[in-house]
Amino acid sequence: MAVAFDVTGVKRGDWAVLRVSGELDLMTSPILRHHVHDVVAEGHHSLVVDLSDVFFCDSSGVGVLVAARRLIRSCQGRLRLILPDRGADDGSHVNRVLGALGVRRLFDVRPDVETATTDEADPLSA
């Protein structure tokens with residue numbers, strides 16, 4: 001059974017926001033990669049990737065996030081991830097995967113779009 005995967009983009013001030021839902025895996029990660037590249041090609045260097053509705057992420061999904069970080073940094077841009085306010089202990093799968101692979105600390109993680117697109121907000125600690 002195929003699981004629905006979707007990436008939608010919106011502008012919020014200076015930020016481009018990509019909302020991702022479904023499973024971020026070997027089959028779907030190229031779709032997210034394509035959207036990230038499109039956003040950068042359009043000249044947006046402040047990017048939020050909202051992973052609140054991602055319920056599964058494998059290493060290929062993590063690879064796309066790390067590559068997005070590298071791409072945005074090469075443009076002197078800013079990348080923020082939105083992970084649910086809950087932590088790894090109570091069900092945030094992406095949070096657990098990023099932590100288990102030791103890469104969560106590489107990302108500026110915020111709990112919601114509002115704080116991710118507000119420069120005054122302090123990032124969540126890794």
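Side-chain atoms are counted along with the backbone in the values below, which use heavy atoms only and exclude waters and symmetry mates. Bear in mind that the values here come from a model prediction, so they are computed numbers and not experimental data.
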Check side-chain hydrogen bond (donor to acceptor under 3.5 Å, both in side chains) between S46 and all other residues, then give those that pass, not counting sequence neighbours. R78
Among all residues two or more places apart in sequence or in another chain, which pass the side-chain hydrogen bond (donor to acceptor under 3.5 Å, both in side chains) test with D14? none
Nearest heavy-atom neighbours spanning A116 and R80: O-NH1, 2.6 Å
Please find the pair of heavy atoms, one from S29 and one from L24, that lie closest to each other, and give the distance. CA-CD1, 3.8 Å
I need the full list of side chain to side chain donor-acceptor pair (under 3.5 Å) pairs touching residues 31-40, with sequence neighbours left out, sorted by first then second residue. H34-D38
Which other residues belong to the hydrophobic cluster containing W15, where Ile, Leu, Val, Met, Phe, Trp and Tyr are joined when side-chain heavy atoms lie under 4.5 Å apart, directly or via other members? V10, V17, V48, I82, V113
Residues that [X] engages under side chain to side chain contact (heavy atoms under 4.5 Å, CB included), provided they are two or more places apart:
X   : answer
H44 : K11, A16, V39, E42
S59 : none
V62 : C57, V66, V97, L98, L101, V103
D58 : D25, L26, F56, S60

Compare all side-chain heavy atoms of V94 with those of L81 and state whether any distance is below 4.5 angstrom. no
Counting C-beta onward and ignoring hydrogens, is there a side-chain heavy-atom pair between V54 and H93 closer than 4.5 Å? no
Quick check for you: to the nearest 0.5 Å, what is the distance between [X] atom [atom1] and [Y] atom [atom2]?
X    : Y   : atom1 : atom2 : value
L32  : D6  : CG    : CG    : 11.5 Å
L65  : L79 : CG    : CG    : 8.0 Å
D112 : L83 : CG    : CG    : 11.5 Å

Any donor-acceptor pair under 3.5 Å from T28 side chain to E23 backbone: yes
Donor-acceptor pair, distance only, cut-off 3.5 Å: does the side chain of R69 make one with the backbone of L106? yes
Pairing residues for R12 by the salt bridge (Lys or Arg N to Asp or Glu O under 4.0 Å) criterion, not counting sequence neighbours: E114
By salt bridge (Lys or Arg N to Asp or Glu O under 4.0 Å) - contacts of R73 (at least two apart): none
